[in-house]
Amino acid sequence: MKTQTIQELFSGTHLHQKVSLQGWVRTFRANRFIALNDGSTLNNLQCVVDFEQTDENLLKRITTGAAIHIEGTLVESQGKGQKYEVQVSHLEVIGDSDPDQYPIQPKKHSFEFLRDNAHLRVRTSTFSAVMRVRSALSFAVHDYFRKEGFYYVHTPIITGSDAEGAGEMFRVSTLDPKQTPLDEAGDTDFTKDFFGKETNLTVSGQLEAETYAMGLGKVYTFGPTFRAENSNTSRHLAEFWMIEPEVAFYQLDQNMDLAEDFIKYVLQYVVDNCEDDLAFLDQRLSNEEKTKPQIERRPMGLLEQIRFVVDNQFVRLSYTEAFDILRNSKPNKKKKFKFPVDEWGVDLQSEHERYLVEKHFKCPVILFDYPAKIKAFYMRLNDDGKTVRAMDVLFPGIGEMVGGAQREERLDVLQKRMSEMGIEEKELDWYLDLRRFGTAPHAGFGLGFERLVQFTTGMSNIRDVIPFPRTPQNASF
Ligand code: 4AD
Ligand code: MG
């Protein structure tokens, strides 16, 4: 007999029919009611066992976490809280679960505890909802770009260049750490390494995506990126997924339009397609907020905030305008910021970004034209000689969601910036070739996928929106 998913059964088309199901027991009450979940939807399906007709030893094996197979008839439920239930005619335990050992008990667990049990946490309502939303968001990403005529490019994971020039990379090497070959100067001799040179895990697919944009026109990458920055925050991972579109002939304004339109599209997609999961996460967040002091509570509920972002235009302003607002702000004058905003050119910290978004404008903000000194070498220099065509999209509760720029397409200007920043030309000769042969304005950005999932699901810690988080001192599973 063909098995159905619970999601299929909730569509109602199988009413009064014989059905077959497989899933895991969430709870078993009164030797009679099994709450079954198979992951296809947030909702459990109630399966009613006739205990008088069922072997006692079999009933004992229906424990939380056990995998079971059920056959029965789908009927309208008489009980409260569910529309349908299954009257069980055949029951089989596929995999037992010792109730005294199984870590995921039918009660509230802390997220810290569940992180330690990340291999089992997807069997909870919260994590299954988050991961279904994550899956829907990634589908929406591809859907958007396909609809807009972009090509999906797989940029390399192992790379010989540091795209961001920040030096926060994980080395990829097959050299024996106990017997590292040395060159005449006493440094590691990477010519003896697997690739014959020093290589790392990529921090961004941008530079390679640029080469493809200069041939395919509109491209995007969506893959894992790695950063060895030692930041133990609720918004940083050592391994995260980034979406990076890159478009030939685009200038910064078009890049901002693209970022805004893209974000709104994927958010609308999950609103339309993940109704149950978002409603559940909205309720979860509102319960969590109630435990906080009034002043720390979020101004909007989860769904309300998503809708707000979809319906309202993002504010756009230059770094210089933002700097003035921040310098004259109350927290700055009262020395409430950890990093004071006093001199033009300072890098903006998350506390400043969140002040702009959450207190001042109360909506997403796109900041552009940042000081050249605090941004990467590839960003296009403005005529003022001190700012570059950078853009960051800042989000409530998150801070920086997107970082991007119009790229420097002028060979001489790019060479000058590279030499000022101590980047060797021979390392990036292929990148410079793009400026030698048919150069053109182009622009793109990178969106941190986990930060998007955080915003959409209302999870406050980034470790809870990726199946197996990698952070300093932690690479379990
Ligand atoms: O601002 P970033 O460093 O920009 C780049 O890497 C560019 N090459 C992108 C481009 O123009 N194609 O990173 C982009 C985004 C950030 O805005 C943030 O959302 C996310 O990636 N991000 C992280 N997310 C999780 N953990 C980390 N450690 C992150 N670092 C950056
Ligand atoms: Mg950035």
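Counting starts at 1 for both ligands and their atoms, following the listed order.
At a cut-off of 3.5 Å, with distance as the only test, a side-chain donor of Thr387 or Asn382 sits close to an acceptor on the other residue.
Near Val402, meaning under 4.0 Å from any of its heavy atoms, are these atoms of ligand 1: 17 (O). Residue Arg235 approaches ligand 1 through these ligand atoms, each under 4.0 Å from one of its heavy atoms: 25 (C), 26 (N). Annotation for ligand 1: atoms under 4.0 Å from non-hydrogen atoms of Glu229 are 27 (C), 28 (N), 30 (N). In the vicinity of Gly403, heavy-atom distances shorter than 4.0 Å reach the ligand 1 atoms 1 (O), 9 (C), 10 (C), 11 (O), 17 (O). Which parts of ligand 1 touch Gly448 is read off a 4.0 Å heavy-atom cut-off, strictly below it: atoms 15 (C), 19 (O), 20 (C), 21 (O). Near Arg407, with a cut-off below 4.0 Å to any heavy atom, the atoms of ligand 1 are 10 (C), 11 (O), 12 (N). For ligand 1, the atoms sitting less than 4.0 Å from at least one non-hydrogen atom of Ser204 are 6 (O), 8 (N), numbered in the order shown with element in parentheses. Atoms of ligand 1 lying under 4.0 Å from any heavy atom of Tyr378, numbered from 1 in the order shown and given with element: 7 (C), 8 (N).
Atom 26 (N) of ligand 1 has its closest protein heavy atom at Leu237 N, 2.9 Å. If you check which protein heavy atom lies closest to atom 24 (N) of ligand 1, you get Phe240 CD1, 3.5 Å. Considering only non-hydrogen protein atoms, atom 12 (N) of ligand 1 sits nearest to Glu244 OE2, 2.7 Å. Among protein heavy atoms, the minimum distance from atom 18 (C) of ligand 1 is reached at Arg451 NH1, 3.5 Å. Of the protein's non-hydrogen atoms, Met401 O, 2.8 Å is the one closest to atom 19 (O) of ligand 1.
No salt bridge links Glu409 with Arg407; every basic N to acidic carboxylate O contact stays at or beyond 4.0 Å. Under a 4.0 Å N-O distance rule, the pair Asp369/Arg316 does not qualify as a salt bridge.
None of Glu8, Arg132, Gln7 except one satisfies the side chain to side chain contact (heavy atoms under 4.5 Å, CB included) rule with Thr41; the exception is Gln7.
Contacts between Glu450 and ligand 1 below 4.0 angstrom, taking non-hydrogen atoms only, are absent altogether. The proximity of Phe445 to ligand 1, defined as any non-hydrogen pair under 4.0 Å, is limited to the backbone.
Note that CZ of Phe449 and CZ of Phe240 are 13.0 Å apart. Values are rounded to the nearest 0.5 Å. Note that the NZ atom of Lys218 and the CZ atom of Phe145 stand 10.0 Å from one another [nearest 0.5 Å]. Distance check: Gln406 CD to Phe445 CZ gives 14.5 Å after rounding to the nearest 0.5 Å. To the nearest 0.5 Å, the span separating CG on Asp116 from NE2 on His119 amounts to 10.0 Å.
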Quick one: do Glu210 and Tyr378 satisfy side-chain hydrogen bond (donor to acceptor under 3.5 Å, both in side chains)? Show the steps, please. CA-CA 11 Å; Glu210 277 185 60; Tyr378 51 71; over 6 Å; no
Would you check, one step at a time, whether the test salt bridge (charged side-chain N to carboxylate O under 4.0 Å, His left out) holds for Arg436 with Asp429? CA-CA 10 Å; Arg436 293 189 181 107; Asp429 206 43; 3.3 Å; yes
Asp38 vs Thr5, test: side-chain hydrogen bond (donor to acceptor under 3.5 Å, both in side chains). Steps then yes/no. CA-CA 7 Å; Asp38 65 0; Thr5 63; 4.9 Å; no
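Side chains of Ser97 and Thr64 form no contact here, defined as non-hydrogen atoms less than 4.5 Å apart.
At under 3.5 Å, a nitrogen or oxygen of Arg227, whether backbone or side chain, sits near a nitrogen or oxygen of ligand 1. For ligand 1, the polar-atom distance check finds no N/O of Ala405 at less than 3.5 Å from any of the ligand's N/O atoms.
Looking at Glu400, Gln454, His236, it is Glu400 that brings a heavy atom closest to atom 1 (O) of ligand 1.
Here the N, O or S atom of Glu400 that is nearest to the Mg ion (ligand 2) is OE2.
Within the structure, the closest approach of Gly404 to ligand 1 falls below 4.0 Å when heavy atoms are considered.
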